[in-house]
Colleague: 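Below: one structure in structure tokens.
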Amino acid sequence: MQIPNQAAICDKCKIELTLVDTPIPSFDSEQLRPTYTPSDDDITRIRTAIEQTELEIDQCDAEINKLRGMCVKLQSRKEKLEDYRDRNRAVLSPIRTLPFEILAQIFLMGFDVGLRVHTDIYAPALTLSHVCSFWRNVAINTTKLWSSLSIDLCYPRSKMVALVGLYLLWSKSAPLDLKVTVSDQTSHHYNGYNGWPNQDSDTWGDWGDGWGIGPHYRRDARRPRDQLGPHGLTILQYLIDNGERWASASFDLDTSVLSSAVPDEVWPNSHYPINLHFLDMAWPHWQRSPLPKAFLACAQSLRSLRIPNGCRDTISTFKRLRELAITTTLSSAADLAWLFSNCPELLSLELQVDSFTEFPASLPPFPQLESLSLTYEETNFPRSNLLSALTLPSLTTLEFQNSSRRRWSSFLGNSELDMADWQRDLTNMLRRSACQLQVLRCHDPFFASDNDLLEVLALTPTLTQISLNLNRTPGVLTSNFFQRLSVDTHNLADNMLPKLQSFTLIMTGIPPESSLPDPEFIASVIESRRSQSVFSDMINYFNLHAGLSSSRAHTSGRNWVKTFSTNIEPRLRALEKEGLGLTLLVYCDDHSEDTESSDEDGSIL
């Protein structure tokens with residue numbers, strides 16, 4: 001029998017590994033044949049071999065177990081050594097030397113501050129405060145981490161009350177930024193529908209309570225304040241009890257919700273919102289303002305206000321407003337005149353205007369207004385003469401949009417006349433105001449042709465930003481339009497918009513049979529304005545969203561996308577590497593019956 005070899009595994013504990021190098025005999029496979037029958041001597045020999053093999057297997061298992069035990073001990077020691085090393089490294093970590101103020105700034109810049117309670121809970125400041133005692137000290141004393149709260153009152157449970165209370169406590173006296181919504185109420189009350197209910201509908205019976213609206217409203221639905229439960233109202237009361245700390249507040253809820261927590265004239269005297277600068281209120285437009293008169297009287301620091309209707313009682317107390325947005329239709333010319341006279345410091349105004357409201361031939365000039373956004377109601381092209389009445393010498397930002405999302409010209413036979421009147425009022429307003437317009441945003445078809453749009457742009461040479469979202473409007477974004485915007489280095493005096501820096505262009509829903517601008521002319525606008533030798537202000541951002549259509553009979557959209565992808569996009573991407581901000585979304589919806597070409601050409605570039 002061969003003597004086993006022994007090897008020392010550990011010099012300290014003298015553990016040895018025993019290895020037996022006995023050769024394993026070869027097995028004669030002939031013995032497995034059915035014709036082989038072992039003799040008595042063969043049987044004795046085979047049984048002896050089996051017993052000796054099992055003994056050696058047991059020895060191997062013992063050595064393996066010895067090794068496993070040693071590996072476990074070594075792994076445990078390794079982990080303890082790594083932990084010891086990491087602790088020593090942590091002592092020398094540069095982050096331990098950061099001053100309190102710098103670490104606080106890292107927290108503010110690296111995380112979304114505040115608390116969000118909606119379908120889930122997001123509380124990053126609370127997580128930071130559980131890392132270590134030093135971080136906890138920094139987090140607790142960085143009040144801005146705790147001073148922003150976004151809460152859906154439909155979701156809070158009992159533990160949320162304590163969490164909101166903790167945030168209010170650790171924000172100390174820091175100004176609060178609030179966003180309060182009632183999602184369940186919103187889903188029943190708005191539904192994208194702002195009209196009166198039909199008298200024959202199931203919702204009419206609840207209208208007397210100020211509730212029923214829209215086809216999805218349930219006749220037996222609870223009032224919004226009843227949907228909150230005690231925890232939602234408790235949280236709302238917490239916020240009201242800190243009213244003197246409000247810096248900005250946004251409330252999207254039914255009037256009954258706020259009145260449940262704060263009945264009219266009972267706003268806590270010690271918690272008046274005297275430091276409130278921004279207020280965004282949304283409530284069903286048929287209800288009166290839920291703001292108590294005491295609130296209105298004390299929020300004299302308010303500079304920005306967004307409300308559903310232009311109630312004079314709401315606005316009259318805020319004579320130092322700088323920004324005002326009224327999100328429902330302003331149908332009275334007297335209201336607008338009153339608004340201008342009551343808010344002499346107004347710099348930004350957003351209005352929804354009834355398309356058929358007649359305004360006076362002229363209103364007094366409003367010299368301070370810098371930004372005007374007009375949303376026209378109704379499906380017809382705006383017949384309102386509001387622009388003809390305005391004189392805005394300080395205007396720098398102008399925006400137009402249509403709330404209907406449908407093309408006006410498909411409704412009225414004389415829409416082109418209405419469009420011409422509207423454009424005449426716009427050009428006259430620009431000439432009369434002699435303003436230095438810098439930003440122009442136009443959503444939906446406000447121009448009948450490319451020349452109409454070019455006429456307006458010719459009056460605004462100071463523009464730096466243009467956003468044109470002219471959906472379903474063939475004949476405006478033409479090759480001629482882009483040729484006129486391209487820079488001619490040989491005749492700089494005739495070039496338009498020398499200060500243009502940002503250009504956003506959205507053209508979708510154009511019928512397949514419509515003519516499209518040559519992609520080369522679009523590229524020419526950007527390439528010619530990236531030359532430093534032309535203008536002191538180069539274009540630095542271009543956003544193109546082209547969603548075109550194609551059919552078996554009209555393949556212009558499909559061909560346009562291919563040409564743009566092959567010839568234009570690589571050149572624009574090259575400019576992107578040189579510093580041009582670029583966003584491209586170009587695709588074709590193929591409506592032909594050829595599925596293969598549809599799959600090929602309907603992809604996004």
Colleague: K172 versus N141: any side-chain heavy-atom pair under 4.5 Å?
Modeller: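 They are in contact (side-chain heavy atoms under 4.5 Å apart), so the answer is yes.
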Colleague: Looking at residues at least two apart in the chain, or sitting in another chain, which of them share a side chain to side chain donor-acceptor pair (under 3.5 Å) with N342?
Modeller: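 In terms of side chain to side chain donor-acceptor pair (under 3.5 Å), with neighbours along the sequence ignored, N342 is linked to K319.
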Colleague: Just jot down the salt bridge (Lys or Arg N to Asp or Glu O under 4.0 Å) partners of R306, sequence neighbours excluded, or say none.
Modeller: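 Testing R306 for salt bridge (Lys or Arg N to Asp or Glu O under 4.0 Å), a comparison that skips the adjacent residues, returns E350.
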Colleague: Please name all residues satisfying side chain to side chain donor-acceptor pair (under 3.5 Å) with Y541, sequence neighbours left out, ordered by chain then number.
Modeller: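 Testing Y541 for side chain to side chain donor-acceptor pair (under 3.5 Å), a comparison that skips the adjacent residues, returns T583.
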Colleague: Among residues two or more places apart or on two chains, list those pairs meeting side-chain hydrogen bond (donor to acceptor under 3.5 Å, both in side chains) that have a residue in residues 428-441.
Modeller: T391-R432
Colleague: For V456, give me all partners under side chain to side chain contact (heavy atoms under 4.5 Å, CB included), at least two apart in sequence or on another chain.
Modeller: Q423, L426, T427, L430, F447
Colleague: Are side-chain heavy atoms of L176 and S171 found at a separation under 4.5 Å?
Modeller: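 SC-SC contact between L176 and S171 confirmed.
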Colleague: Flag the pair L239 / V180 as yes when at least one side-chain heavy-atom distance between them is below 4.5 Å, and no otherwise.
Modeller: yes
Colleague: Out of the candidates N242, L279, L149, only one should pair with L178 under the side-chain contact (heavy atoms from CB on, under 4.5 Å) rule; please name it.
Modeller: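 Passing option: L149.
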Colleague: Holding to salt bridge (Lys or Arg N to Asp or Glu O under 4.0 Å), I want the full list of residues that pass it with R424, two or more places apart in sequence or in another chain.
Modeller: D421
Colleague: With the side chain counted from C-beta on, respond yes when L115 and Y122 share a heavy-atom pair under 4.5 Å apart, and no when they do not.
Modeller: no
Colleague: Ignoring hydrogens and geometry beyond distance, is a side-chain donor-acceptor pair present between S304 and E323 at under 3.5 Å?
Modeller: yes
Colleague: Treating T464 as the side-chain partner and L500 as the backbone partner, does any N or O pair qualify as donor plus acceptor under 3.5 Å?
Modeller: no
Colleague: Just to verify, what does R245 make a salt bridge (Lys or Arg N to Asp or Glu O under 4.0 Å) with, not counting sequence neighbours?
Modeller: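 Not a single residue meets the salt bridge (Lys or Arg N to Asp or Glu O under 4.0 Å) criterion with R245.
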Colleague: So, using side chain to side chain donor-acceptor pair (under 3.5 Å) as the criterion, who are the partners of E370 when residues are at least two apart?
Modeller: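 Result, side chain to side chain donor-acceptor pair (under 3.5 Å) vs E370: none returned.
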Colleague: Is any side-chain heavy atom of V161 less than 4.5 Å from a side-chain heavy atom of L163?
Modeller: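 Result no, sub-4.5 Å side-chain heavy-atom pair not found.
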Colleague: Could you work out, with side chain to side chain contact (heavy atoms under 4.5 Å, CB included) as the rule, every residue matching R322, not counting sequence neighbours?
Modeller: R303, E345, L347
Colleague: Angle class for the W246/F251 ring planes (parallel below 30°, perpendicular above 60°, tilted otherwise)?
Modeller: tilted
Colleague: Decide yes or no for L398 and L437: does some side-chain heavy atom of the first lie under 4.5 Å from some side-chain heavy atom of the second?
Modeller: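 Side-chain contact under 4.5 Å: yes.
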Colleague: If you look at every heavy atom in S373 and Q401, which pair is closest and at what distance?
Modeller: OG-NE2, 4.3 Å
Colleague: Should N543 and L584 count as side-chain neighbours, where that means a heavy-atom distance under 4.5 Å?
Modeller: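 Counting from C-beta outward, N543 and L584 never come under 4.5 Å.
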Colleague: Considering all heavy atoms of both residues, which atom of F366 and which atom of C343 are nearest to each other, and what is their separation?
Modeller: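 Here F366 and C343 meet closest at CZ-O, 3.3 Å.
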Colleague: Check ring pair (Phe, Tyr, Trp, His ring centres under 6.0 Å) between F400 and all other residues, then give those that pass, not counting sequence neighbours.
Modeller: W422, F446
Colleague: My understanding is that only residues two or more places apart in sequence, or in another chain, count here; which of them pass side chain to side chain contact (heavy atoms under 4.5 Å, CB included) with L108?
Modeller: Q105, V113, T142, K144, L145
Colleague: For T397, which residues count as a side chain to side chain donor-acceptor pair (under 3.5 Å) partner, sequence neighbours excluded?
Modeller: none
